[in-house]
Amino acid sequence: MSMKQPLRVAVTGAAGNISYAMLFRIASGEMLGKDQPVILQLLEITPALDALKGVVMELEDCAFPLLAGIVQTDDATVAFKDVDYALLVGARPRGPGMERKDLLEANAAIFSAQGKALNEVASRDVKVLVVGNPANTNALIAQRNAPDLDPRNFTAMTRLDHNRAMAQLAGKTDSTVNDVKKMIIWGNHSSTQYPDLTACTVNGKPALDLVDRDWYENTYIPEVQQRGAAIIKARGASSAASAANAAIAHMRTWALGTDENDWVSMGVYSNGEYGIAKGLIYSFPCTCSNGDWSIVDGVDVSSDFSKEKMAATEQELSEERDAVAHLLP
Ligand SMILES: NC(=O)C1=CN([C@@H]2O[C@H](COP(=O)(O)OP(=O)(O)OC[C@H]3O[C@@H](n4cnc5c(N)ncnc54)[C@H](O)[C@@H]3O)[C@@H](O)[C@H]2O)C=CC1
Ligand SMILES: O=C([O-])CC(=O)C(=O)O
């Protein structure tokens with residue numbers, strides 16, 4: 001029997017596709033460690049509570065030794081009560097031909113209500129990951145509606161983009177993802193994101209020495225940017241298992257730390273780093289230790305190419321922020 005106290009983990013949209021690929025792995029210890037019991041606090045909208053009941057029955061039937069309790073509710077103040085981790089997944093997914101920001105109108109209100117609920121009842125150290133799209137701006141909305149919580153507690157998921165970028169590069173260079181270090185996704189989880197290989201290495205060699213500039217600019221970057229849309233086209237539904245995997249990895253890294261000599265990409269609160277407007281939730285290269293993240297300092301962003309790409313995705317985030325100004329106290 002473990003001696004650790006259970007941690008409380010909220011998951012919203014708990015009867016949805018991503019959650020179905022995620023909850024069982026959280027309950028088995030893949031997110032917070034094989035010695036860390038968890039209490040799952042699951043939020044759904046009222047019409048989905050029956051479906052949620054089925055998911056909970058399955059969680060029970062796994063008899064996970066680390067699963068110390070399950071709460072199922074349609075009330076955010078119940079779901080977020082005293083939570084240490086909150087994975088905000090519940091939101092509408094996009095369909096073919098849509099950009100993620102087209103979901104802003106449908107989804108933004110969810111995150112202002114949930115920010116307020118987190119502010120009211122969550123642990124003061126709660127670590128929040130927003131997965132629901134458009135993730136960066138939804139994270140901004142939640143953060144601004146939680147004035148009593150540190151803005152650093154609110155993050156948005158670009159780990160899936162980071163993992164996609166590593167996998168595509170490993171494939172191209174005939175290596176494995178284990179050989180790829182110091183990948184960066186800058187900016188928005190959208191088609192303006194900038195997958196940057198300037199600092200990246202493969203087996204210790206600069207990635208940009210191993211690939212053609214033309215492939216990098218005209219094939220690689222657009223493929224990473226458009227990978228979500230390609231999956232929607234192929235599957236008829238947006239990525240779920242890979243999104244769940246990235247959410248678990250994001251939280252695990254935040255809680256348990258980054259590997260030596262490497263970093264991850266996280267959408268985090270900008271304090272003006274790299275000249276990015278203060279207050280935006282922008283994806284930066286980050287290291288984590290002791291349950292805290294910090295933005296990696298000193299990455300070379302001096303090329304015109306990098307400057308342009310970083311500014312374009314910042315501009316899009318500013319526009320999204322301005323479009324939801326009415327939800328930003
Ligand atoms: N940041 C990222 O990298 C990724 C983000 N996503 C986004 O994640 C979100 C969820 O995707 P799926 O699980 O595939 O969708 P889904 O439609 O299968 O599930 C969403 C669930 O959220 C629930 N929900 C809706 N409003 C809610 C509310 N106010 N409170 C609690 N639950 C609520 C729905 O009832 C549904 O069960 C979408 O917005 C999708 O675009 C998806 C993949 C990657
Ligand atoms: O593309 C989408 O709408 C779902 C998503 O965020 C992704 O797969 O990156």
Side-chain angles (χ1 to χ4, degrees), residues 10-23 41-55 71-80 86-118 128-139 141-142 155-165 185 187-193 195 223-251 265-267 281 283:
V11 177
T12 74
N17 282 301
I18 294 176
S19 292
Y20 196 69
M22 193 170 74
L23 290 170
Q41 305 197 169
L42 307 178
L43 182 68
E44 258 299 346
I45 51 172
T46 314
L49 285 177
D50 270 346
L52 179 59
K53 197 186 289 174
V55 175
V71 172
Q72 36 187 324
T73 180
D74 58 2
D75 180 343
T77 60
V78 174
F80 295 151
L87 295 100
L88 308 189
V89 179
R92 230 179 87 187
R94 66 174 168 156
M98 292 172 77
E99 286 294 331
R100 296 186 187 93
K101 64 185 165 201
D102 299 336
L103 293 167
L104 207 45
E105 203 172 322
N107 289 340
I110 296 173
F111 294 87
S112 79
Q114 292 183 357
K116 290 186 174 81
L118 285 163
V128 182
L129 169 63
V130 175
V131 174
N133 277 319
N136 299 54
T137 298
N138 288 338
I141 296 168
T155 65
M157 189 163 96
T158 52
R159 185 65 169 269
L160 179 53
D161 310 288
H162 184 99
N163 287 346
R164 287 167 172 163
I185 304 294
N188 200 2
H189 173 61
S190 79
S191 52
T192 66
Q193 68 180 261
E223 274 184 10
V224 175
Q225 290 172 327
Q226 296 294 341
R227 184 72 164 184
I231 285 165
I232 292 170
K233 189 156 174 264
R235 223 173 75 85
S238 66
S239 30
S242 55
N245 182 64
I248 287 170
H250 176 114
M251 285 306 210
S265 301
M266 298 170 70
I281 304 285
S283 180

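All ligand and atom numbering here is 1-based and tracks the order in the structure. The figures that follow rest on heavy atoms only: side chains count, while hydrogens, waters and symmetry mates do not. Only a predicted model underlies this, so the values are computations on that prediction, with no experimental measurement involved. Along the sequence shown, the residues carry numbers beginning at 1.
The protein atom (non-hydrogen) at minimum distance from atom 8 (O) of ligand 2 is S239 OG, 2.4 Å. The protein non-hydrogen atom at the shortest distance from atom 28 (C) of ligand 1 is I45 CG2, 3.6 Å. Given atom 5 (C) of ligand 2, the protein heavy atom at minimum distance is R100 NE, 3.4 Å.
Looking at D161 next to ligand 2, no N or O pair under 3.5 Å apart turns up. Inclusion of A135 in the set of residues having an N or O under 3.5 Å from an N or O of ligand 1 is not warranted. An N or O contact shorter than 3.5 Å is missing between S19 and ligand 1 by distance. For ligand 1, the polar-atom distance check against L103 finds no nitrogen or oxygen pair separated by under 3.5 Å. Of the polar atoms of N17, at least one N or O is found under 3.5 Å from an N or O of ligand 1, judged by distance alone. Annotation: T12 places no N or O atom under 3.5 Å from an N or O atom of ligand 1; distance criterion only. Below 3.5 Å of separation, one finds an N or O of R94 facing an N or O of ligand 2. Between G13 and ligand 1, at least one pair of N/O atoms sits closer than 3.5 Å.
Ligand 1 has no atom lying under 4.0 Å from any heavy atom of A240. Distances from ligand 1 to the non-hydrogen atoms of R100 include no value under 4.0 Å.
Listed by number with element, the atoms of ligand 2 under 4.0 angstrom from any heavy atom of S238 are 4 (C). Near G228, with a cut-off below 4.0 Å to any heavy atom, the atoms of ligand 2 are 1 (O), 7 (C), 8 (O).
Across the listed options D161, N133, N136, N133 owns the non-hydrogen atom lying nearest to atom 41 (O) of ligand 1. The heavy atom nearest to atom 10 (C) of ligand 1, out of those in V89, V11, T73, is found in V89.
Contact annotation: for V131 versus ligand 1, heavy atoms closer than 4.0 Å belong to both the backbone and the side chain. Residue contacts with ligand 2, taken as heavy atom pairs separated by less than 4.0 Å, involve H189 solely via side-chain atoms from C-beta onward. Residue-level proximity to ligand 1 for I18 is carried by backbone and side chain together, each with a heavy atom below 4.0 angstrom. Contact annotation: for R164 versus ligand 2, heavy atoms closer than 4.0 Å belong to the side chain alone. Contact annotation for I232 and ligand 2: only side-chain heavy atoms (C-beta onward) come within less than 4.0 Å of the ligand.
Within the 4.5 Å cutoff, side-chain heavy atoms of L23 are placed close to those of V55.
Atom CZ of R94 sits in a crowded spot, with more than 12 heavy atoms from other residues, nucleotides or ligands closer than 6.0 Å.
For E99 and S190, the side-chain atoms include no donor-acceptor pair closer than 3.5 Å.
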